[in-house]
Number of protein chains: 2
Amino acid sequence: MGNRSSSRPTDAELEILSVLWRNGPSTVRDVHAAINALKPTGYTTVLKLLQIMIDKGLVRRDESERAHVYEARFGQEQTQRQLLDDLLERAFEGSASKLVMQALSSEKATTEELAEIKRLLKKAERGAK
Amino acid sequence: MGNRSSSRPTDAELEILSVLWRNGPSTVRDVHAAINALKPTGYTTVLKLLQIMIDKGLVRRDESERAHVYEARFGQEQTQRQLLDDLLERAFEGSASKLVMQALSSEKATTEELAEIKRLLKKAERGAK
DNA sequence: TAGCGGGTACGAAGATATTCGTTGACAGTA
DNA sequence: TACTGTCAACGAATATCTTCGTACCCGCTA
């Protein structure tokens, strides 16, 4: 029985997790269809990845049917937070404010998003006080 | 002459870049001392990494002295933004607000940081308007 | 029964990242 | 000159990630 280290998911693994989060529990066929639409990929490639992810504990599967059904083991938000904390540690010296600064100054933040963030910030302030 | 792809820096590379950002242009010996303090690492490991980073264009070096002096080619903020945009794309479906949300709700944001973020947010708002 | 469609498991090749030993160059000094 | 310390270059071993071919299994049907 496998039990590898619990580092962050790799790029390919994250793509698969995204599919599982978006579509819910899926067969290999389903996942492959979604992945393949973005980037031509062999069926067995996706299968192998999912098997490895079982080994790492990133996904669960239901084997009661012939076509196994895979499901993400950790929620999207939990994983996002893990990746964020990891990046924070590796590249931002643990400073969340520096990270947020960069995120805000990147072109990616729209005006609507800024408004949403403002709202969240007030909420966070009340919590942290 | 080397010229590899321009993907994001690897973990080991990022550690070295951090040292270069923190301490400025450094010899291999300097970088090794800093890295080794955190994690026992051979001198030639660091040297090899730096040579690879030259090849990838991540660092420059001055060879005029016997002990070459290495320097990060891109600034810390620029690299942080690149990593952030990359993570945004890979794990947050490009939504900066979701990312910031997670960053704020993580335990990593201290009260002081929240205040700083608030300040920045106002600044960003004025800019985005 | 033979063949087909659709499924899993497994091994292995190729790419990339990480680590370090060994070699050889050079400068200073005994 | 011979030895020592410091340095860069290189090759190679190892680990991990990614990709896929091949083998095999099971149920259906001609």
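Chain letters run A, B, ... following the sequence lines, proteins first, then strands; residues in each count from 1.
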Distance in angstrom units between Leu17(A) CG and dC17(D) P, rounded: 14 Å
Donor on one side chain, acceptor on other, Glu93(A) and Gln76(B), under 3.5 Å: yes
Separation of dG6(C) C1' from Leu47(A) CG (nearest whole Å): 12 Å
Rounded distance (Å) that lies between atom P of dT18(C) and atom CD1 of Ile52(B): 8 Å
Earlier contact from the 5' end, DNA chain D, for Lys48(B) and Gly42(A): Lys48(B)
Distance below 4.0 Å between Thr45(A) side-chain N/O and dC20(D) OP1 or OP2: yes
Electrostatic pair Glu116(B):Lys118(B) at N-O distance under 4.0 angstrom: no
Phosphate OP1/OP2 of dT16(D): any Thr10(A) side-chain N/O under 4.0 Å: no
Arg8(A) CZ - dC17(D) C1' separation (whole Å): 13 Å
Arg29(A) side-chain N/O to dT8(C) phosphate OP1/OP2 under 4.0 Å: no
Distance, rounded to the nearest Å, where Asp55(A) contributes CG and dT16(D) contributes C1': 13 Å
Spacing between Asp30(A) atom CG and dG6(C) atom C1', to the nearest angstrom: 13 Å
Side-chain H-bond candidate by donor/acceptor type, Ser26(A) with Asn23(A), under 3.5 Å: no
Under 4.0 angstrom between Lys39(B) side-chain N/O and dT18(C) OP1 or OP2: no
hydrophobic_cluster_shared for Val19(B) and Val69(B), side chain cutoff 4.5 Å: no
dA9(D) OP1/OP2 closer than 4.0 Å to side-chain N/O of Gln51(B): yes
Whole angstrom value for the distance that separates P of dT18(D) from CD1 of Ile35(A): 12 Å
Presence of Arg66(B) side-chain N/O under 4.0 Å of dT6(D) phosphate oxygens OP1/OP2: no
For atom CD1 of Ile54(A) and atom P of dA9(C), their distance in whole Å: 9 Å
Residue pair Ile16(A), Leu58(A): steps toward the side-chain contact (heavy atoms from CB on, under 4.5 Å) verdict: CA-CA 10 Å; Ile16(A) 286 183; Leu58(A) 290 173; over 6 Å; no
Contact under 4.0 Å: Tyr43(B) side-chain N or O vs dT6(D) OP1/OP2: no
Side-chain N or O of Lys56(A) closer than 4.0 Å to phosphate OP1/OP2 of dC17(D): yes
